Amino acid sequence: MARAKITSVRGVKDILPEESPRWQRVEALARETFARYGYSEIRVPVFERTELFARSIGEETDIVNKEMYTFNDKGGESLTLRPEATASMCRAYVQHALYSQPGVAKLFCIGPMFRYERPQAGRLRQFHQIDAEAFGSLDPAVDAEVIVMLADFLSAAGLKDLSLQINNLGDAECRPAYARALQEFLRKETTNLGPEVQERVERNPLRFLDSKDPDHRAIIARAPTIDLHWNENCQKHLGAVCDRLKGAGIRFEVNPRLVRGLDYYCLTVFEVTSRNLGAQNAVCGGGRYDGLVEELGGPPTPAIGFAIGMERLLQLIGGEADESAAPASPLDAFLVPLGEKAAAEAFALAGELRKGGLRVDLAFGGGSMKSQMRRADRSGARYVLVLGEDEIAKGTVSLRDMRESRQEELPRAEALSKLLAGRR
RNA sequence: GUGGGUGUAGCUCAGCGGUUAGAGCGCCGGGUUGUGGCCCCGGAGGCCGGGGGUUCAAAUCCCCUCACUCACCCCA
């Protein structure tokens, strides 16, 4: 009799009815906040040609190397479930020539992302991001506005005790010089740290900077930092961003050791972290990617954006702000029919109430009055409509106010209008 | 991929060699010919994650495996 249960896939979660209101609230807040900054929603597909991600995120990144859900479709084409949204947004921006519209193109996207990783606290294989991107301007004021919007949203969501860190990764001119200097330093320091570490240093020295290993941290503390290599452009850009942020009253910290795991970033990068999240402590990460649109076949177009992790954000809201909004009952009225004939009439009556805009449920499957009343009580509905033989015969209904424990028998039409009048 | 922790009822967990495996909560029914919550009574629901081994005897000890979880690499 009992067959083997099919469970969800590792690292993938159901969002159950009791938690989905929190998701809806946060998503609505993002839409409202972003709209005040002139952003429009774009909905891009959850899968793309594999090449899009390989080209944009970078062949040497962990995401592309080992974390992508890649498969061949029936036509033999290699497709990949999106590990992030920026690449798709750039693709759509180019494909639909959104660059031909005036001004800065401001877009946001909310949805699931997929990465094949071992799950842990704050890390899932299917997770959700709120993603915002601004295309078409080099102006550091855009960087600042993006960050101000982010801070605006996070604080409206009720988050406190967050840390915002900013860095400038250098541009095409000064970043390679820094990478070389860092690599030289690390080559000398990591000779006895094993082949994987050394290979990392060879492939992408910058990413050594966010290792958590205590031995590595000690080396990093002595390593050269990028600020020593910034050219005038980078210095001015970061300075302008910081000035604007200060002017906006945003608290932040410049961290010259902050790096990001995606190759396309340049100049401004930033990260919002919380101490209340466990090892995966970033709620949001973002930065500028001035070469990406062109790399994907579009016109040279500077751009900047960020991604907020929904699950991590919700974890913080749960931990910090508590359940401020008590879950209101999903129902206004509940119908209790006694007997077959009453069941048919109750079904029709429920229809009328719903047409009037009320949220209505009824006791299916009959049962004793006691049992139906218990169901009515648990439904949370304020009003219960009892339809028994007496009421049927008289064309009435017994309207019970569950909160006040009072009830009266009224003609159908009267009960209906009374309920509709009290509707929110 | 690597390492640690945990797997017993729908949920949270007790039992840790010895009768038919328990509690609380939840669920269903009854206590009232047609009235919820509180209370009382009753009931359903377990291959004790799976496989193998040790033993007269295994939920309990050992091995393997799977799942969940935390952490590393990395990221939201």
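A note on names: the letters A, B, ... follow the listed sequences, proteins ahead of strands, and every chain is numbered from 1. These numbers come from a predicted model, not from an experiment.
Comparing B:A58 with B:G53, their P atoms sit 12 Å apart, to the nearest whole Å. To the nearest whole angstrom, the two C1' atoms, one in B:G22 and one in B:C48, are 12 Å apart. Straight-line distance between the P atoms of B:C61 and B:C25: roughly 30 Å, to the nearest whole Å. Nucleotides B:G49 and B:A59 have their C1' atoms positioned 12 Å apart, rounded to a whole Å. Remark: the separation of the P atoms in B:G29 and B:A71 is 43 Å, to the nearest Å. Across the P atoms, B:A21 and B:C38 are found 32 Å apart, a figure rounded to whole Å. Spacing of P atoms, B:U6 relative to B:C56, comes out at 30 Å, to the nearest Å. The gap from the C1' atom of B:U60 to that of B:U19 amounts to 16 Å, rounded to the nearest Å.
For A:Lys212, counting side-chain heavy atoms from C-beta on, the closest listed nucleotide (B:C74, B:A76, B:C68) is B:C74. Listed nucleotides: B:G36, B:A76, B:G34. Nearest to the side chain of A:Met373: B:G36. Looking at the side chain of A:Lys66, the nearest of the listed nucleotides B:G36, B:C73, B:G29 is B:C73. Closest to the side chain of A:Gln280, out of B:C74, B:G34, B:A71, is B:C74.
Atom pair A:Asp377:CG and B:G36:C1' shows a separation of 4 Å (rounding to whole Å applied). At whole-Å resolution of the value, NE2 in A:His216 and C1' in B:C74 are 14 Å apart. One atom, CD of A:Glu60, and another, C1' of B:C73, lie 15 Å apart when rounded to the nearest Å. Between A:Arg125 atom CZ and B:C74 atom C1' there is a gap of 14 Å when expressed in whole angstrom units. Residue A:Glu389 contributes atom CD, which lies 10 Å from atom C1' of B:U33 at whole-angstrom precision. The distance between atom CZ of A:Arg375 and atom C1' of B:G29, rounded to the nearest whole Å, is 12 Å. When rounded to the nearest whole Å, the span between CG of A:Asp62 and P of B:C72 equals 14 Å. Put simply, CD on A:Glu117 is 14 Å from P on B:C70, counting in whole angstrom units.
Residue A:Arg374 places at least one side-chain N or O closer than 4.0 Å to OP1 or OP2 of B:G29. Phosphate proximity of B:C73 to A:Ser211: present, with a side-chain N or O under 4.0 Å from OP1 or OP2. OP1 or OP2 of B:A76 sits under 4.0 Å from a side-chain N or O of A:Arg260. Side-chain nitrogen and oxygen atoms of A:Gln120 include at least one within less than 4.0 Å of the OP1 or OP2 phosphate oxygen of B:A71. Look at A:Arg118 and you won't find any side-chain N or O under 4.0 angstrom from OP1 or OP2 of B:G1. Considering only side-chain N and O atoms, A:Ser368 lies under 4.0 angstrom from the phosphate OP1 or OP2 of B:G30. For A:Arg378 and B:C27, the shortest distance from a side-chain N or O to OP1 or OP2 is below 4.0 Å.
A salt bridge between A:Glu409 and A:Lys394 is present, with a side-chain N of the basic residue lying under 4.0 Å from a carboxylate O of the acidic one. One finds a salt bridge joining A:Arg382 and A:Asp401 here, because a Lys/Arg side-chain nitrogen approaches an Asp/Glu carboxylate oxygen to under 4.0 Å. By the 4.0 Å N-to-carboxylate-O rule, A:Arg207 lies too far from A:Glu60 to be salt-bridged with it. Using a 4.0 Å cut-off between charged nitrogen and carboxylate oxygen, A:Lys418 and A:Glu408 count as a salt-bridge pair. Of the charged side-chain nitrogens involved, at least one lies within less than 4.0 Å of a carboxylate oxygen, so that A:Arg412 and A:Glu345 count as a salt-bridged pair. Ion pair A:Arg123/A:Glu311 not flagged as a salt bridge, since none of the NZ, NE, NH1 or NH2 atoms sits closer than 4.0 Å to an Asp/Glu carboxylate oxygen.
Side-chain N/O atoms of A:Thr273 and A:Gln165 include no donor and acceptor closer than 3.5 Å.
Contact annotation for A:Gly122: base contact, defined as any heavy-atom pair under 4.0 Å involving a base atom. As judged by a 4.0 angstrom heavy-atom cut-off over every strand, A:Leu124 is placed among the base-contacting residues. At the heavy-atom level, A:Gly285 lies under 4.0 Å from the strands shown only through sugar-phosphate atoms. Nucleic acid contact class of A:Ser371 (heavy atoms, under 4.0 Å, all strands): sugar-phosphate only. Heavy atoms of A:Val384 sit nowhere under 4.0 angstrom from any nucleic acid atom. Using a 4.0 Å heavy-atom criterion, one finds that A:Ala121 contacts the sugar-phosphate atoms exclusively. The residue A:Asp210 sits close only to the backbone: its heavy atoms come under 4.0 Å of sugar-phosphate atoms, none of a base.
In terms of polar N and O atoms assigned as donor or acceptor, the side chain of A:Arg10 never comes within less than 3.5 Å of the base of B:A67 in a complementary pairing. In the interface, the side chain of A:Glu391 is paired with the base of B:G34 through a donor and an acceptor atom under 3.5 Å apart. Contact of A:Gln407 with B:U35 (side chain to base): a donor-acceptor pair of N or O atoms is detected under 3.5 Å.
Both A:His128 and A:Lys370 lie near RNA chain B, and the one whose nearest nucleotide falls closer to the 5' end is A:Lys370. Mapping A:Arg403 and A:Arg200 onto RNA chain B by nearest heavy atom places A:Arg403 closer to the 5' end of the strand.
Classified by interplanar angle (parallel below 30°, tilted 30° to 60°, perpendicular above 60°), the ring pair A:Tyr93/A:Phe135 is parallel.
Under the Watson-Crick or G-U wobble criterion, with both distances below 3.5 Å, B:C72 is paired with B:G1. Look at B:U60: it lacks any Watson-Crick or wobble partner with both distances under 3.5 angstrom. The partner of B:C13 is B:G22, by the rule that a Watson-Crick or G-U pair needs both atom distances under 3.5 Å. Across all strands shown, B:U6 is found opposite B:A67 as a Watson-Crick or G-U wobble partner, with both distances under 3.5 Å. For B:G42, the paired nucleotide is B:C28, the pair qualifying as Watson-Crick or G-U wobble because both relevant distances are below 3.5 Å.
Side chain of A:Thr50 to backbone of A:Ser78: a donor-acceptor contact under 3.5 angstrom is found.
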